[in-house]
Amino acid sequence: MKYQKPKGTADVLPDTSRLWDYVETKSRQIFDRYRFGEIRVPMFESYDLYARSSGDTSDIVTKEMYDFHDKGDRHMALRPEGTAGVVRAFVENKLYGPEYPKPYRVYYMGPMFRYERPQSGRQREFHQIGVEAFGSESPLLDTEVIQLGVDLLHAVGVHDLRLAINTLGDPATRDAYHQALVDYFAPHRAELSEDSQIRLEKNPLRILDSKDPRDKVFVKDAPSILDYLTPAAQNHFAAVKTALDGLNIDYTVDPTMVRGLDYYNHTIFEIMTSSPAFGNKELTVLAGGRYDGLVEQFGGPATPGVGFGIGLERLILLVQQAQQLPPAPDLNVYIVSLNDQAGEEALRLAHAIRNAGFTVDMDFMARKAKGQFKTANRENAQLVITLGEDELANQVASIKQMATGKQQQVPFNTVENNFQSIYQHLVEEGEQE
RNA sequence: GCGGUAUUGGUGAAGUGGUUAACACAUCGGUUUGUGGUACCGACAUGCGUGGGUUCGAUUCCCACAUACCGCCCCA
C-alpha cells in the first residue's frame with residue numbers, strides 16, 4: 001500500500017460518524033440550555049503557550065508535544081489540550097471586558113494532538129469536548145460545571161457514573177502540602193520506585209498517582225491534602241460539596257486525585273464509569289477543575305476559571321455500548337434504469353424528487369434489473385421506480401411499493417411536479433391500512 | 001523513549017522452503033426477454049505489510065523499517 005494514515009490517527013467512516021454526529025448534536029443541545037456558546041480556536045499555537053501553561057519544567061510536555069517549526073522558523077505546536085488556547089483567546093479578545101456577561105462561558109469540540117506511542121484508547125490525534133467558564137470564583141460555578149458534565153453524559157445515554165472530587169487548594173495550601181509530602185516521603189526515599197525518587201524532587205504530588213507497588217505502600221499512609229487546606233480553600237471545597245448535595249449528585253472525595261497539568265487549583269473532579277466497552281474496568285471519561293490564575297499568567301487581569309474536558313473517542317465507545325445506533329435515514333426512492341437513456345431520465349427524476357424533499361438513490365453501475373432491485377432492497381427503499389424502453393416511450397414511471405410488491409404507472413409529469421402526493425398515496429396511506 | 005505480539009484477497013481466515021495460496025462471507029454474473037427471497041452454477045489474491053539478505057528456489061528462514069494491538073513511561 002502506497003499511503004497509510006499517519007501513526008496514531010483514525011479514519012471515521014460513515015457508519016461511525018453518525019454516532020459522532022449524534023454525540024456532538026446532543027452535547028450542543030445541553031450547552032445551549034446552560035448558555036455556553038461555542039468557541040473555535042486554532043488547532044495550533046505557539047509552542048510556548050502550551051509549554052508554559054502546562055508546566056514547562058516537566059520534560060513530559062516537550063516529549064509529548066506535537067511540535068514543529070514553520071517556514072518562518074516559528075516554533076509551533078498542535079494543541080495538546082483545549083484550555084490553553086481558549087484562555088489565550090479570552091485574553092487576546094479582551095473577553096474580560098465589562099461588555100461581556102460574567103461568567104463568560106464557552107465550549108469547544110475538536111481534535112487534539114499528542115506525540116506519543118499509540119496504545120489502548122490513546123492516539124496521536126484524538127478529540128475532546130470541553131467547556132470553560134471564566135470570571136467567577138463561586139463554588140456554585142464549579143458545581144454547575146460538574147452538573148453540566150453529568151447532564152451531558154446522561155443525555156448521550158451514559159449512566160452508572162461515579163463522580164470523584166478533590167481539591168488542590170490555593171497556592172498557600174499547595175506549598176504547605178508539598179512540604180508535608182516531601183517530609184513524609186524523604187525518609188523512605190531509597191525504598192521508593194526509581195521514578196518516584198525523581199518525582200520527589202520535581203513533583204511529589206505525582207507520587208500519589210503511582211501504580212508501582214513499592215510506592216503504594218507509602219502512599220496509603222501519606223498525609224492528605226485535606227489536612228493542609230487554608231481556611232479559604234476549605235470553605236470553597238465545603239461549599240462545592242454542599243451544592244452537590246443540594247443537587248443530589250453523588251460523589252466521593254478522593255484526596256489522592258491529582259492533575260498532570262500545573263495550572264489547576266481548588267476543585268478538581270473526574271467522572272468515571274465502567275462499561276463492557278472497556279472490559280468493565282472503571283475509566284475516566286470526563287476530567288476538569290478550577291484554574292484560577294491561568295488567565296493572569298497569560299497576561300490578562302486576574303480572572304478565575306473552571307472547566308472540563310471529555311475524551312470523545314472513549315465516550316463514543318460508551319455510547320455505542322449503551323444504546324443502539326441512531327437508525328440510518330430512510331431511503332424513499334430507488335430508481336432502476338435499464339439502459340443509458342433511462343439512466344439520463346433517472347437522473348432528472350431523481351433531482352425532481354429530491355427537490356420535493358425525498359431521499360433518492362439510483363444505479364450508476366449499469367447493472368441488470370435484478371441486481372438493481374437487490375440493491376434497492378438492501379438499502380430498504382420504500383419505492384422503486386423502474387425506467388426502461390416502455391416507460392420512456394410512454395413517458396410514465398413504473399412505481400413499485402416494496403412492502404406490498406404492488407406496482408403502478410404514473411406519468412413523468414406527475415412524478416416531477418407532484419411527488420409529494422404520490423408518496424402520500426402509496427406509502428403513508430399504505431401504512432395506515 | 002523502552003518492551004511484547006502481530007501483519008495473507010473487499011471481510012473473516014487456513015496454509016507450505018519448491019510447478020494451481022484452502023474454506024467461508026461479501027460482491028458481481030448466470031439458471032431464456034425488465035423486478036426484491038431461497039437454491040444451484042460461475043467469476044473473484046501472477047499475490048502473502050515494505051525493503052534487503054540467506055537459498056538452486058521464500059509468502060514460509062534472517063535483518064531492518066512501517067503500521068496495528070497490548071504493556072511501561074506519561075497522561076492533556
Side-chain angles (χ1 to χ4, degrees), chain A residues 1-11 13 49-51 53-55 58-66 77-86 111-130 193-196 198-199 202-203 206 209-212 258-264 268 270 279 283-284 286-289 291 307-312 314 334-339 342 363 365-392 398-407:
Chain A
M1 217 173 309
K2 195 162 182 190
Y3 295 110
Q4 292 176 298
K5 61 186 180 298
K7 190 187 195 113
T9 62
D11 298 317
L13 306 178
L49 178 83
Y50 303 121
S53 63
S54 308
S58 49
D59 51 6
I60 311 109
V61 169
T62 60
K63 184 174 133 192
E64 299 200 339
M65 199 92 89
Y66 214 127
L78 303 179
R79 62 182 185 192
E81 54 108 16
T83 302
V86 173
M112 309 287 164
F113 305 85
R114 54 189 169 205
Y115 194 87
E116 65 171 359
R117 189 112 167 222
Q119 54 179 293
S120 175
R122 291 215 222 161
Q123 295 178 292
R124 287 188 172 180
E125 181 184 30
F126 59 103
H127 297 76
Q128 286 196 337
I129 294 180
S193 67
E194 298 74 19
D195 291 320
S196 285
I198 296 167
R199 292 185 184 117
K202 288 181 145 179
N203 194 348
R206 295 227 60 90
D209 215 18
S210 174
K211 282 172 233 152
D212 195 304
V258 298
R259 274 291 101 96
L261 294 172
D262 283 357
Y263 54 65
Y264 284 107
I268 58 174
E270 294 186 10
L283 285 181
T284 301
L286 179 153
Y291 44 84
F308 68 69
I310 296 176
L312 247 180
R314 222 170 237 196
Y334 188 93
I335 306 182
V336 171
S337 54
L338 300 174
N339 56 47
D363 177 77
M365 306 305 290
R367 291 162 57 212
K368 298 292 196 301
K370 182 171 180 167
Q372 294 189 43
F373 265 87
K374 273 189 179 174
T375 301
N377 200 45
R378 198 168 48 218
E379 292 188 28
N380 255 314
Q382 296 173 306
L383 299 175
V384 171
I385 296 179
T386 303
L387 301 176
E389 284 179 23
D390 298 347
E391 284 82 1
L392 291 180
S398 298
I399 304 182
K400 179 170 182 174
Q401 301 174 64
M402 294 301 273
T404 63
K406 286 185 208 156
Q407 182 162 295

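Letters A, B, ... mirror the listed sequences (proteins, then strands); counts begin at 1. Side chains are part of it too, since the values below use all heavy atoms of this structure and drop only hydrogens, waters and symmetry mates. Note that the structure is predicted; figures quoted are calculated from it, not measured.
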Check: What integer distance in Å separates A/Gln119:CD from B/A68:P?
Finding: 12 Å

Note to self: From C-beta outward on A/Arg199, which listed nucleotide comes closest to its side chain: B/C28, B/G34, B/C74?
What the structure shows: B/C74

Next item on the list: Figure out the CZ/P separation between A/Phe373 and B/C28, and round it to whole Å.
Entry: 15 Å

Next item on the list: Whenever both distances are under 3.5 Å in a Watson-Crick or G-U wobble pair, mark it; put RNA chain B into dot-bracket that way, with [ ] for crossing pairs and | when the partner is on another strand.
Entry: ((((((((.[[[..)..(....]]].(((((.......))))).....[[[[[..)....]]]]])))))))....

Margin query: Of the listed nucleotides (B/A66, B/A68, B/G29), which one gets closest to any side-chain atom of A/Lys368?
Written below: B/G29

Next item on the list: Between B/A14 and B/G47, how far apart are the C1' atoms? Round to whole Å, please.
Entry: 16 Å

Notebook entry, point to check: Minimum heavy-atom separation for A/Ser398 to A/Glu391, with atom names?
Noted result: OG-OE2, 2.7 Å

Checklist line | Upstream residue (5' side of RNA chain B) when A/Gln123 and A/Gln128 are each assigned their closest nucleotide | finding: A/Gln123

Next item on the list: Please figure out whether A/Ser398 or A/Gly371 has its closest RNA chain B nucleotide nearer the 5' end.
Entry: A/Gly371

Notebook entry, point to check: With sugar-phosphate meaning primed atoms plus P, OP1 and OP2, does A/Gln372 contact a base, only sugar-phosphate, or nothing at under 4.0 Å between heavy atoms?
Noted result: nothing

Check: What is the distance from CE of A/Met365 to P of B/U27, rounded to the nearest Å?
Finding: 14 Å

Notebook entry, point to check: Would the number of heavy atoms belonging to other residues, nucleotides or ligands and lying under 6.0 Å from CD of A/Gln119 be above 12?
Noted result: yes

Next item on the list: Let me know the distance between CD of A/Glu81 and C1' of B/C75, rounded to the nearest Å.
Entry: 12 Å

Margin query: Is it the case that B/G36 (base atoms only) and A/Glu379 (side chain only) share a donor and an acceptor within less than 3.5 Å, ignoring hydrogens and angles?
Written below: no

Check: In whole angstroms, how far is the C1' atom of B/G1 from the CD atom of A/Glu64?
Finding: 11 Å

Check: Can A/Arg124 be said to sit on top of A/Phe113's aromatic six-ring, NZ or CZ under 6.0 Å from centre and within 45° of the ring axis?
Finding: no

Check: Got a donor-acceptor contact below 3.5 angstrom from the A/Arg314 side chain to the A/Thr284 backbone?
Finding: yes

Next item on the list: Report which part of the nucleic acid A/Gly311 touches: base, sugar-phosphate, or nothing (heavy-atom distance under 4.0 Å, all strands).
Entry: nothing

Item checked: Separation of atom OH in A/Tyr66 from atom C1' in B/C75, rounded to whole Å -> 17 Å

Notebook entry, point to check: Expressed as a whole number of Å, how far does the C1' atom of B/C61 sit from that of B/G18?
Noted result: 15 Å

Margin query: Please give me the minimum heavy-atom distance between A/Phe373 and A/Thr386, naming the atom from each residue.
Written below: CZ-OG1, 3.6 Å

Notebook entry, point to check: Would you say the side chain of A/Lys7 and the base of B/U67 hold a donor-acceptor pair, judged only by whether the two atoms sit under 3.5 Å apart?
Noted result: no

Margin query: Taking any heavy-atom pair under 4.0 Å as a contact, classify A/Gly8: base, sugar-phosphate, or nothing.
Written below: sugar-phosphate

Margin query: Please find the pair of heavy atoms, one from A/Lys400 and one from A/Gly405, that lie closest to each other, and give the distance.
Written below: CE-O, 3.7 Å

Check: What integer number of Å spans the C1' atoms of B/C74 and B/C62?
Finding: 35 Å

Notebook entry, point to check: When all nucleic acid strands are considered with a 4.0 Å heavy-atom cut-off, which category describes A/Gly388: base, sugar-phosphate, or nothing?
Noted result: base

Next item on the list: Mark yes or no for whether A/Arg206, through its side chain, and A/Ser196, through its backbone, hold a donor-acceptor pair below 3.5 Å.
Entry: no

Next item on the list: With heavy atoms under 4.0 Å as the rule, sort A/Met112 into base, sugar-phosphate or nothing.
Entry: nothing

Margin query: Is there, by distance only and without an angle test, a donor paired with an acceptor across the side chain of A/Arg117 and the base of B/G71 below 3.5 Å?
Written below: no

Notebook entry, point to check: Which value, in whole Å, describes the distance between the P atoms of nucleotides B/U19 and B/C48?
Noted result: 15 Å

Next item on the list: In whole angstrom, give the distance that lies between atom CD of A/Gln4 and atom P of B/C65.
Entry: 16 Å

Item checked: Candidate nucleotides B/G36, B/C73, B/G34, ranked by approach to the side chain of A/Glu391 - the nearest -> B/G34

Checklist line | Interatomic distance at P, B/A45 relative to B/A21, whole Å | finding: 10 Å

Next item on the list: Could you work out the separation of B/U46 and B/U20 based on their P atoms and round it to a whole Å?
Entry: 14 Å

Notebook entry, point to check: Do any side-chain nitrogens or oxygens of A/Arg114 fall under 4.0 Å of OP1 or OP2 in B/C74?
Noted result: no

Notebook entry, point to check: Looking only at N and O atoms, is any donor in the side chain of A/Lys400 or the base of B/G36 less than 3.5 Å from an acceptor on the other one?
Noted result: yes

Next item on the list: Ignoring hydrogens and angles, tell me if any N or O in the side chain of A/Gln372 forms a donor-acceptor pair with the backbone of A/Ser337 under 3.5 Å.
Entry: yes

Next item on the list: Output the single nucleotide from B/A66, B/A76, B/C74 whose closest atom is nearest the side chain of A/Glu116.
Entry: B/C74

Item checked: Nearest to side-chain heavy atoms of A/Pro118, which nucleotide of B/G34, B/A68, B/A66 -> B/A68

Check: Taking the side chain of A/Phe126 as its heavy atoms from C-beta onward, which of B/G37, B/C28, B/A76 lies nearest to it?
Finding: B/A76

Next item on the list: Could you check how far CZ of A/Arg378 sits from P of B/U35, rounded to whole Å?
Entry: 18 Å

Next item on the list: Give the minimum heavy-atom separation between A/Met65 and A/Pro80, together with the two atoms involved.
Entry: SD-CG, 3.8 Å

Note to self: Side chain of A/Glu389, heavy atoms from C-beta onward: which of B/C69, B/G34, B/C28 has the nearest atom to it?
What the structure shows: B/G34

Check: How far, in whole Å, is B/U8 from B/A58 if one measures between their C1' atoms?
Finding: 14 Å

Margin query: Among B/G71, B/C74, B/G36, which nucleotide has an atom closest to any side-chain atom of A/Lys374?
Written below: B/G36

Notebook entry, point to check: Any N or O donor-acceptor pair linking the side chain of A/Arg259 to the base of B/C75 at under 3.5 Å?
Noted result: no

Next item on the list: Using side chain to side chain contact (heavy atoms under 4.5 Å, CB included) as the criterion, point out the one residue from A/Leu383, A/Ile385, A/Asn380, A/Thr375 that pairs with A/Tyr334.
Entry: A/Thr375

Item checked: B/U55 to B/C63 separation - C1' atoms, rounded to the nearest Å -> 16 Å

